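To start, the structure itself, in structure tokens.
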Protein chains: 2
Amino acid sequence: MQDYASEKDFLAAYNVHDYEVPLTSVDMAIFKLREQQLEVLLVKRSQHPSRDKWALPGGFIDLKKDRVLEDTAHRKLVEKTGVKSPYLEQVATFGGKQRDPRGWSVTVVYFALVAHEEVDVDPKGAKEETRWVPVTEALRDYKLAFDHNEILRLCRERLTSKVQYTALPIHLLPEEFTLTELQKVFEVILGNEVEKKSFRRRILDADILEESGAMRTGSNRPAKLYRLKRGVENHFFPRTIEGPRS
Amino acid sequence: MQDYASEKDFLAAYNVHDYEVPLTSVDMAIFKLREQQLEVLLVKRSQHPSRDKWALPGGFIDLKKDRVLEDTAHRKLVEKTGVKSPYLEQVATFGGKQRDPRGWSVTVVYFALVAHEEVDVDPKGAKEETRWVPVTEALRDYKLAFDHNEILRLCRERLTSKVQYTALPIHLLPEEFTLTELQKVFEVILGNEVEKKSFRRRILDADILEESGAMRTGSNRPAKLYRLKRGVENHFFPRTIEGPRS
DNA sequence: TTAATAGTGTCTCTTAGACACTATCGA
DNA sequence: TCGATAGTGTCTAAGAGACACTATTAA
């Protein structure tokens, strides 16, 4: 390597393409809840490689438009779902020689939680065929492109484990919800029942919700509607939900 | 984009350098414990950009040698410390337009825990000046290259938070250690005292250690030496250490 | 014997699980 | 009044903190 006198000289002579670089992209698992099932958004690839295979939505960083990595994820999410302010979290980064036939590649993986009610079924950016699939089905029956099965499995795992000690599932519901609705979401993700009283104590004592004032009515006792308190992004409990003792 | 008939045709015509790609690297925070202080390894940059500034060790993926991302991290770690089997964990990935003057860049960050006793003070791969610095000092007094202050802060945070519900600090000790030594490590990282009985109960009940049979002797009652049970990589406790109630 | 550290017994405190109980709506 | 779901009272269980106690070594 040459020894440039100043950083300015160095940068003037610098060209990324002088080096062998991996292909770097962003992929994401977008989760929503529908009819008591956790679903993930899949996209049918319209281009090689793995054309016509189902894959997690993703794409390349737009070096002009995106200022930081999360912008890429956010841009993709809006393209696919129309949701503007989802819960977005970086999960992990996968990189290797074999995962993409084009060569050494790196993908930064995010997961997003969106409310079913807020998803635009036919957003502007939709150029490819998309489909919401129950996560268990996606993992069991689909051979996703690249290593996306493994990626999805990790995202699912991360979600399940965070549900045990955070209030994450709130982001799968619309702005206002009842405690029973929230409990159901926890139960769906955890895959087991949760004791009502413990659940309410836990959530209410955490002081992260406020009553909206309205009630959800039906042919029974109306339920209070709650919303996330302003400024509360997430909450960590000192203990995990343990589930039934039996 | 052209519409290739087969994936093979597509791949034959494909060239990474036809696209604008970010610069992708791996950086790491290597932690060890010395004289009751948590230290991190810093490297003085011998090349532009940020020449002569201190930075976290890191570098580019070797598309030939490295099969997966972790290989890059592991290779760097061995180069700098000579430690073969450290605790290595991916922390997060930083990417943005501004963080490197060469342009859009992505760095995958790992943290490693090594035992002070196993660090090679002058490993083969040492081409640059390196220095072990107490983490608090590195964060307070050093203006590290790029966004490495922020990266180091996040690694430190991840470490502190995992110490509250895992047995991570074991990896900062040599193979055999006493419970009191382990407790001290927890205390140093947490920044507060830990109650002896609770600590021992917690660790012993987790069933992750075994007695080595040997004892640590001194001018007092000898202490049992323990080692991590085979096959145990890490342990998650159902509750966090809470620290003094006072 | 004493200083020093290893290691234990046992009480309290916090928060989760269990489960029976009461409350409030529409039909 | 009844079916259904909302919401509570209160006991038990488990694991953390507090703290005093005993044990074992070298000097």
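Sequence lines set the chain letters: A, B, ... in the order given, protein chains first and strands last, and positions in each chain run from 1. Only a predicted model underlies this, so the values are computations on that prediction, with no experimental measurement involved. Note: hydrogens, waters and symmetry copies are ignored here, and every other heavy atom, side chains too, is used.
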Between E118(B) and K32(B), does any side-chain N to carboxylate O distance fall below 4.0 Å?
no

How close or far is atom P of dA16(D) from atom CZ of F199(B), stated in whole angstroms?
12 Å

Comparing nearest nucleotides in DNA chain D, the 5'-proximal residue of the pair M215(A), P238(B) is M215(A)

Selection from dG17(D), dC19(C), dC25(C) that lies nearest to any side-chain heavy atom of P222(A)
dC25(C)

Contact under 4.0 Å: T180(A) side-chain N or O vs dT5(D) OP1/OP2:
no

Does S198(A) put a side-chain nitrogen or oxygen below 4.0 Å from OP1 or OP2 of dA16(C)?
no

Whole angstrom is fine here: how far is it from CZ in F237(A) over to P in dT15(C)?
11 Å

Select base, sugar-phosphate, or nothing to describe what E242(B) touches, counting heavy atoms under 4.0 Å on all strands.
sugar-phosphate

Could you state the CG-C1' distance from L204(B) to dG15(D), rounded to the nearest angstrom?
15 Å

Any N/O donor-acceptor pair, R201(B) side-chain to dG9(C) base, under 3.5 Å:
no

For K224(B), which contact category applies under a 4.0 Å heavy-atom criterion: base, sugar-phosphate, or nothing?
sugar-phosphate

Between the base of dG26(C) and the side chain of S219(A), is there a donor-acceptor distance below 3.5 Å?
no

Give a yes or no on whether a donor-acceptor pair under 3.5 Å exists between the nucleobase atoms of dA14(D), that is its base, and the side chain of R239(B).
yes

With the threshold set at 4.0 Å, does a side-chain nitrogen-carboxylate oxygen contact exist between R158(A) and E89(A)?
yes

Check the distance between dG17(D)'s C1' and F186(B)'s CZ and give it to me in whole angstrom.
16 Å

Side-chain donor/acceptor contact of R200(B) with base of dG7(C) under 3.5 Å
no

Are any of the side-chain nitrogens in K229(A) or E210(A) under 4.0 Å away from the carboxylate oxygens of its partner?
no

E187(B) side chain to V194(B) backbone, donor-acceptor under 3.5 Å
yes

Side chain K196(B) and base dG7(C) donor-acceptor under 3.5 Å:
yes

Measure CD/E193(A) against P/dC19(C) and give the value in whole Å, please.
12 Å

Does any N or O donor sit under 3.5 Å from an N or O acceptor when you compare the side chain of K197(B) with the base of dG7(C)?
no

For R202(B), which contact category applies under a 4.0 Å heavy-atom criterion: base, sugar-phosphate, or nothing?
sugar-phosphate

Distance, rounded to the nearest Å, where H235(A) contributes NE2 and dT15(C) contributes P:
10 Å

What does I241(B) touch in the nucleic acid at a heavy-atom separation under 4.0 angstrom: a base, only the sugar-phosphate, or nothing?
sugar-phosphate

Where each residue is assigned the nucleotide of DNA chain C containing its nearest heavy atom, which of R245(B) and E181(B) is assigned the position nearer the 5′ end?
E181(B)

Considering only NZ, NE, NH1 and NH2 on the basic side and carboxylate oxygens on the acidic side, decide whether D205(B) and R200(B) come within less than 4.0 Å.
no

Could you state the CG-P distance from L190(A) to dG17(C), rounded to the nearest angstrom?
10 Å

Spacing of R221(B) atom CZ relative to dC21(D) atom P, expressed in whole Å:
17 Å

5' priority, DNA chain C, between T178(B) and V194(A) [closest heavy atom]:
T178(B)

Parallel, tilted or perpendicular: which fits the ring planes of F236(A) and Y165(A), with parallel below 30° and perpendicular above 60°?
tilted

